[in-house]
There are 2 protein chains.
Amino acid sequence: MEDRRVKLADVARVAGVSRASASRALNGGYGVSAEVRRRVREVADRLGFEPHGAARALATGRASAGSRERIEIVIVDPDPQALSAKPFYGRVLTGAAQALAGHDVALELKLVPAPPSVDGDPPFGRILINMPPLPAAAYARHGRNIALGASAPGVPFVAPDNRGGGHQAAAHLVTTGRRRVGAVFGPDTPCARERQDGFLRMMAGAGLTVVSAHGDFTRATAYAAAKQLLAREPRLDAIFAACDVSAMGVLQALREAGRRVPDDVAVVGFDGSALADAADLSSIFMPAEEEAASAVQHLLDPALPPPARLPTALTVRGSS
Amino acid sequence: MEDRRVKLADVARVAGVSRASASRALNGGYGVSAEVRRRVREVADRLGFEPHGAARALATGRASAGSRERIEIVIVDPDPQALSAKPFYGRVLTGAAQALAGHDVALELKLVPAPPSVDGDPPFGRILINMPPLPAAAYARHGRNIALGASAPGVPFVAPDNRGGGHQAAAHLVTTGRRRVGAVFGPDTPCARERQDGFLRMMAGAGLTVVSAHGDFTRATAYAAAKQLLAREPRLDAIFAACDVSAMGVLQALREAGRRVPDDVAVVGFDGSALADAADLSSIFMPAEEEAASAVQHLLDPALPPPARLPTALTVRGSS
DNA sequence: CTGAAAGCGCTTACAG
DNA sequence: CTGAAAGCGCTTACAG
């Protein structure tokens, strides 16, 4: 009548052997007669025996089969739709999944609006995205961690060479003969500032001034900013956008203003996401997948030094 | 000298109490003097004691703290970059994460080139994406499962009303006065066929014939297909693309052919991903997030009937 | 409040 | 090959 879970002892009793033999018959089967093995397995099947993972783990010392190691990807983003709207996150997952292929490690995704407190038993490792320094430091005290983008001191991180990327964009425009250059930069974040920095430095080196506006990495804002840029300098022959999504807004503004791309105006974005490819947009490729992959590799083998800065690359498409 | 893990017995010994008292002091602290509690906790901290999860689980009968329930999202895709290239997957993750908010259930991501065999102890639930019927049926015998898109008979599923979406696209073009309509349909998959079906049926109902070509959901193919369509019928005033990425190829072909969008030619895509928004592309919105969310809800409470077909919605943007 | 003891369910030397 | 026994690390009645 009792509906309690069937245990090894039950199987052993029904099969008419000791628990030791039952255990051996079930695991590998070495050291038991074929007859006993067959009988025990048959009974275990019939009774629906499922070994108690914790007990097994305790007895063997090995971690239980059910509790594979796992790496958490902790994304802090107030926008619950972030994974839909920002290609970056998908690319991170791509890189992490690839680096984990063949390693029996689970990939757990945590998308949270605010930094979660350190809970339960720590995972094998964590990849921290947009994690403020304070909670990042707290995490760092429990298990291995690596951040995407600089985080708290002491927490290793991987990041793209944003400055170099900005430089590459500027160099591309200059070497293709553009002279009246506009730019829609990003918001006030380290990453956006670095891109801007690299871009302006190169332009200054080339003796060119830049007509610029600030955006927030969204299409709508970039669209308005580009219109404003055109009003300030109608002879613009190039516009740099701090991210691909912004570049889409720029393209639309140019189209509406009757400018041909790339004939009249060249456009270069930043990110190199699928969006750039789909829109035939020249863009500075940011190795998001590679960042995530090397983050995972660092977690798997902390002896490897964290790679810190990864190079970007210019991808020329139809817009420049 | 030994570097073995510190256990409760060690803490108890150093603190000068029994293991029982040490255990009580650490868990809740009821039934121990404040003094003992303080001392034990201090020692545990100093020694870096971490309770052995399996042992605790075995002793209490409750599942170990570390082994939270989990829902697996199993994506079968031969392209290791799929998560970067296809917005659909990111949207699925968004929906699943949102539906899981507040439930202490882990979200595990499995991206595999081919259906994995059923391994270890089954998760709380699985969401199957692109899973062929045979392995889907095998999974169905171990734990709760739900597929995105129809799968094996007996496996519950959620899917968008693709046919209705195709119908909506056609209706939009017809009611906005388009009469010479082209279409770049998708590959030979149920989902693409349904979209095509709905589209053609509506057009036939309106007494219009459609100049169509087949694509494979990529930009390059759609670009070529659109060029071909224009060659066959230069007076085309609208083109439907079976997915947003294809629509991007169509837009480029139109631009190069000197057609203005939407003045000369209207374009409508399908998916309603961030791409459509960024490109200001009219599109049939497919509720990917909602599909995933209701899949999760079904897993959490199988008493709820699976929703099966979710309605699509036309989003009109600048391209039509 | 405190500790000796039993027990959680399984595995694995050890003897036979 | 087989079984009695000890043990994995912790918790929790039970007595005191």
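Numbered from 1 within each chain, the chains take letters A, B, ... in sequence-line order. Just the heavy atoms: all of them, side chains too, but no hydrogens, waters or symmetry mates, feed the values below.
- Side-chain proximity of B:A20 to D:dG9, C:dA4, D:dA5: nearest is C:dA4.
- A donor-acceptor pair is defined here as one N or O able to donate and one able to accept, closer than 3.5 Å; such a pair exists between the side chain of A:R144 and the backbone of A:L299.
- Whole-Å rounding puts the A:E35 CD to D:dT2 C1' distance at 14 Å.
- The CZ-C1' distance, from A:R24 to C:dC14, rounds to 11 Å in whole Å.
- Between the P atom of C:dG7 and the CZ atom of A:R5 lies a distance of 20 Å, rounded to the nearest Å.
- Only one option out of B:R39, B:R46, B:R38 pairs with B:E42 in a side chain to side chain donor-acceptor pair (under 3.5 Å); it is B:R46.
- Between A:R56 atom CZ and C:dC8 atom P the separation is 18 Å, expressed in whole Å.
- The nearest whole Å value for the distance from the CG atom in B:N27 to the P atom in C:dT2 is 16 Å.
- Closest-nucleotide positions on DNA chain D for A:S21 and B:A59 were compared, and the one nearer the 5' end corresponds to A:S21.
- Atom CG in B:D10 sits about 13 Å away from atom C1' in D:dC10, given to the nearest Å.
- Look at B:S33 and you'll find a side-chain N or O under 4.0 angstrom from OP1 or OP2 of C:dT2.
- Nucleotides of DNA chain C nearest to B:V32 and B:L58 differ in position, and the one nearer the 5' end is that of B:V32.
- Under a 3.5 Å cut-off, the side chain of A:R41 and the backbone N or O of A:A25 do form a donor-acceptor pair.
- Counting to the nearest Å, the P atom of D:dG7 and the NZ atom of B:K7 are 12 Å from each other.
- Using a 4.0 Å cut-off, no side-chain N or O of B:R19 falls inside it from OP1 or OP2 of D:dC10.
- Of all heavy-atom pairs between B:H52 and B:R5, the closest is CA-NH2, 3.6 Å.
- Only A:F49, A:P51, A:H52, listed by number, bring a heavy atom of residues 45-52 of chain A to less than 4.0 angstrom from any atom of DNA chain C.
- Between the C1' atom of C:dT2 and the CZ atom of B:R39 lies a distance of 12 Å, rounded to the nearest Å.
- Within the 4.0 Å cut-off from OP1 or OP2 of D:dT11, at least one side-chain nitrogen or oxygen of B:S23 is found.
- Nearer to the 5' terminus of DNA chain C, by closest-nucleotide assignment, is the contact made by B:S18 (compared with the other of A:L8 and B:S18).
- Residue-environment remark: CG (B:L47) exceeds the threshold of 12 foreign heavy atoms within 6.0 Å.
- Comparing the same atom, P, in D:dC10 and in D:dC14 gives a spacing of 24 Å after rounding to whole Å.
- When every heavy atom of A:T312 is checked against every heavy atom of A:P160, the shortest pair comes out as CG2-CB, 4.4 Å.
- Taking a pair to require two hydrogen-bonding distances under 3.5 Å in either a Watson-Crick or a G-U wobble arrangement, C:dT2 pairs with D:dA15.
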> After noting the C-alpha distance and the side-chain angles of B:R13 and B:D10, does the key distance pass the salt bridge (Lys or Arg N to Asp or Glu O under 4.0 Å) rule?
Replying inline: CA-CA 5 Å; B:R13 183 165 31 72; B:D10 300 321; 2.8 Å; yes
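- More than 12 heavy atoms of other residues, nucleotides or ligands lie within 6.0 Å of CG in A:L304, so this atom counts as buried by the packing criterion.
- C:dC1 sits 22 Å from C:dA5 when the P atoms are compared, rounded to a whole Å.
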